[in-house]
2 protein chains.
Amino acid sequence: MTTPAPVSAGSRDLPHPPREEIRLEGVLQALSDPMRLRIVRELAAVGDELSCSQFDLPVTKSTSTHHFRVLRETGVIRQVYRGTAKLNGLREDDLDDLFPGLLAGVLDAAARQDARLGSGPALPSGHAAPRRGQQ
Amino acid sequence: MTTPAPVSAGSRDLPHPPREEIRLEGVLQALSDPMRLRIVRELAAVGDELSCSQFDLPVTKSTSTHHFRVLRETGVIRQVYRGTAKLNGLREDDLDDLFPGLLAGVLDAAARQDARLGSGPALPSGHAAPRRGQQ
DNA sequence: TCGTTCGTACGATAGTCATCGTAGTACGGC
DNA sequence: GCCGTACTACGATGACTATCGTACGAACGA
């Protein structure tokens with residue numbers, strides 16, 4: 001089986017949970033990680049889809065992949081291949097339908113905390129290991 | 001060191017984080033556990049303080065203590081000794097000040113999810129191990 | 001076809017955490 | 001003073017997870 005049939009022309013597709021299977025506990029857990037909260041905040045700020053490499057995260061590519069996958073599998077983001085890149089977008093529609101106001105509340109809370117802690121108007125910085133491997 | 005000096009007369013007091021030290025990530029993580037979310041929902045529903053033993057949680061007392069401590073240390077609840085019992089109350093004031101609407105949003109989301117999944121109007125039931133040890 | 005870029009898969013590792021059981025402390029009533 | 005109730009502390013354990021590094025796969029451009 002050496003990749004029998006790639007099928008998809010311009011996009012392999014990734015497994016996403018359907019709207020009804022998104023669980024609040026999962027979403028909260030996903031958002032409770034600083035790295036993932038940062039990703040989500042940036043996506044919300046941009047209001048558009050971003051490829052993984054557009055985020056300047058202080059972790060290696062493998063770890064980055066891990067976090068994006070967690071976000072996708074918990075239903076927080078949507079991922080689509082676009083050529084060699086992978087576009088990430090918030091599932092605002094689904095989240096707002098299931099849990100109206102929740103995402104906005106978390107984003108607002110994060111912004112307030114940032115302002116309060118004086119992390120400047122931009123996004124927060126490190127929190128764990130600032131070492132950067134291969135990336 | 002056999003408890004050198006208990007100090008407090010009628011109430012040993014427990015360490016709570018001051019309002020300014022409550023972190024969003026901590027709160028989200030605390031709420032992402034089903035058992036703890038259940039505790040918080042019950043506290044919010046009652047709107048008053050409850051002792052630990054008033055919750056009928058499907059875990060042993062040790063585990064219960066653990067969850068209450070996590071909630072206290074992350075700043076979600078306030079705990080005060082009252083005789084042999086320990087009263088637990090939501091820190092709604094502090095949370096609403098730091099993150100307006102967040103707690104309400106999470107509680108509302110939990111209620112909606114319950115309704116959607118048909119867990120009845122009451123609180124959800126088990127989710128992990130229904131075995132009950134000493135308790 | 002070749003190389004580059006972007007991301008994945010896999011294995012390893014260290015840390016955290018939810019859970020338990022047992023033993024112990026604090027308070028209040030008898 | 002003694003006992004029961006309420007909760008804690010400690011140690012153990014199994015599971016999960018955030019991180020890394022290396023090796024690989026897929027798309028694109030020259």
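Throughout, protein chains are lettered first and strands after them, A, B, ... in sequence-line order, and every chain is numbered starting at 1. Basis for what follows: all heavy atoms, side chains included, without hydrogens, waters or symmetry-related copies. Just so it is clear, the model here is predicted, and its values are computed rather than measured.
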Peer 1: Rounded to whole Å, please give me the gap between CD in Glu73(B) and P in dA18(C).
Peer 2: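 Nearest whole value for this atom pair: 12 Å.
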Peer 1: For a quick check of understanding: with a heavy-atom distance under 4.0 Å over all strands, which category does Ser53(B) fall into, base, sugar-phosphate or nothing?
Peer 2: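 Touches sugar-phosphate only.
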Peer 1: Return the minimal non-hydrogen interatomic distance between Leu98(A) and Arg19(A), and the atom names on each side.
Peer 2: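 Minimum heavy-atom separation between Leu98(A) and Arg19(A): CD1-O, 3.1 Å.
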Peer 1: So what does Ser51(A) touch, heavy atoms closer than 4.0 Å: a base, only the sugar-phosphate, or nothing?
Peer 2: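 The answer is sugar-phosphate, as Ser51(A) gets under 4.0 Å only of primed atoms, P, OP1 or OP2.
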Peer 1: Between atom OH in Tyr81(A) and atom C1' in dT5(C), what is the gap in whole Å?
Peer 2: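 So the OH-C1' distance, Tyr81(A) to dT5(C), works out to 14 Å.
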Peer 1: Can you give me the closest heavy-atom contact between Asn88(A) and Gln79(A), atom names plus distance?
Peer 2: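 Nearest heavy atoms, Asn88(A) then Gln79(A): OD1-NE2, 2.6 Å.
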Peer 1: Any idea which of dC6(C), dA9(C), dT19(C) is nearest the Thr63(B) side chain?
Peer 2: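 Output: dT19(C).
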Peer 1: Side chain of Lys61(B) only, heavy atoms from C-beta on: which candidate in dT17(D), dC20(C), dA6(D) is closest?
Peer 2: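 Of dT17(D), dC20(C), dA6(D), dA6(D) is nearest to the side chain of Lys61(B).
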Peer 1: List the atom of Ala30(A), the atom of Leu71(A), and the distance in Å for their closest heavy-atom pair.
Peer 2: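 Taking Ala30(A) first and Leu71(A) second, the nearest heavy atoms are CB-CD2, 4.1 Å.
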Peer 1: From dT19(C), dA6(D), dG7(C), pick the nucleotide closest to the side chain of Thr84(B)?
Peer 2: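 Shortest atom-to-atom distance from the side chain points to dA6(D).
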Peer 1: Over how many whole Å does the gap from Asp56(B) atom CG to dA6(D) atom C1' extend?
Peer 2: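 In whole Å, dA6(D) C1' lies 16 Å from Asp56(B) CG.
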Peer 1: How many whole angstroms separate atom CZ of Arg36(A) from atom P of dT17(D)?
Peer 2: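 Rounding to the nearest Å, CZ of Arg36(A) and P of dT17(D) are 8 Å apart.
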Peer 1: Give a yes or no on whether Leu37(B) and Leu95(A) share a hydrophobic cluster (residues Ile, Leu, Val, Met, Phe, Trp, Tyr; joining criterion: side-chain heavy atoms under 4.5 Å apart).
Peer 2: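 Leu37(B) clusters together with Leu95(A).
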Peer 1: Quick one: Asp33(A) CG to dT19(D) P, roughly how many Å, whole number?
Peer 2: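 About 6 Å, once rounded to whole Å.
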Peer 1: Expressed as a whole number of angstroms, how long is the span from Gln29(B):CD to dC16(D):P?
Peer 2: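 After rounding, the gap between these two atoms is 16 Å.
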Peer 1: Rounded to whole angstroms, how far apart are CZ on Arg82(B) and P on dG28(C)?
Peer 2: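 Nearest whole value for this atom pair: 10 Å.
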Peer 1: Return yes if some donor-acceptor pair links the side-chain N/O of Arg116(A) with the main-chain N/O of Glu20(B) below 3.5 Å, else return no.
Peer 2: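 Yes, the answer is positive, given that a donor and an acceptor are paired below the 3.5 Å cut-off.
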Peer 1: Thr60(B) side chain: which of dC20(C), dG21(D), dA18(D) is closest?
Peer 2: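 Of all the options, the side chain of Thr60(B) is nearest to dC20(C).
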Peer 1: So, OP1 or OP2 of dA9(D): does either fall under 4.0 Å of a side-chain N or O from Arg69(B)?
Peer 2: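 So the side chain of Arg69(B) is within the cut-off, an N or O lying under 4.0 Å from OP1 or OP2 of dA9(D).
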Peer 1: Of all the choices, dT19(D), dA18(D), dG7(C), which nucleotide is nearest to the side chain of His67(A) once you look at every atom?
Peer 2: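 Among the listed nucleotides, the one closest to the side chain of His67(A) is dT19(D).
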Peer 1: Can you check the Leu87(A) CG to dA27(D) P distance for me, whole Å?
Peer 2: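 The answer, rounded to whole Å, is 14 Å.
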Peer 1: Considering only heavy atoms and no angle criterion, is a donor-acceptor pair shorter than 3.5 Å present between the side chain of Ser62(A) and the base of dG21(D)?
Peer 2: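 Yes, the side chain and the base share a sub-3.5 Å donor-acceptor pair.
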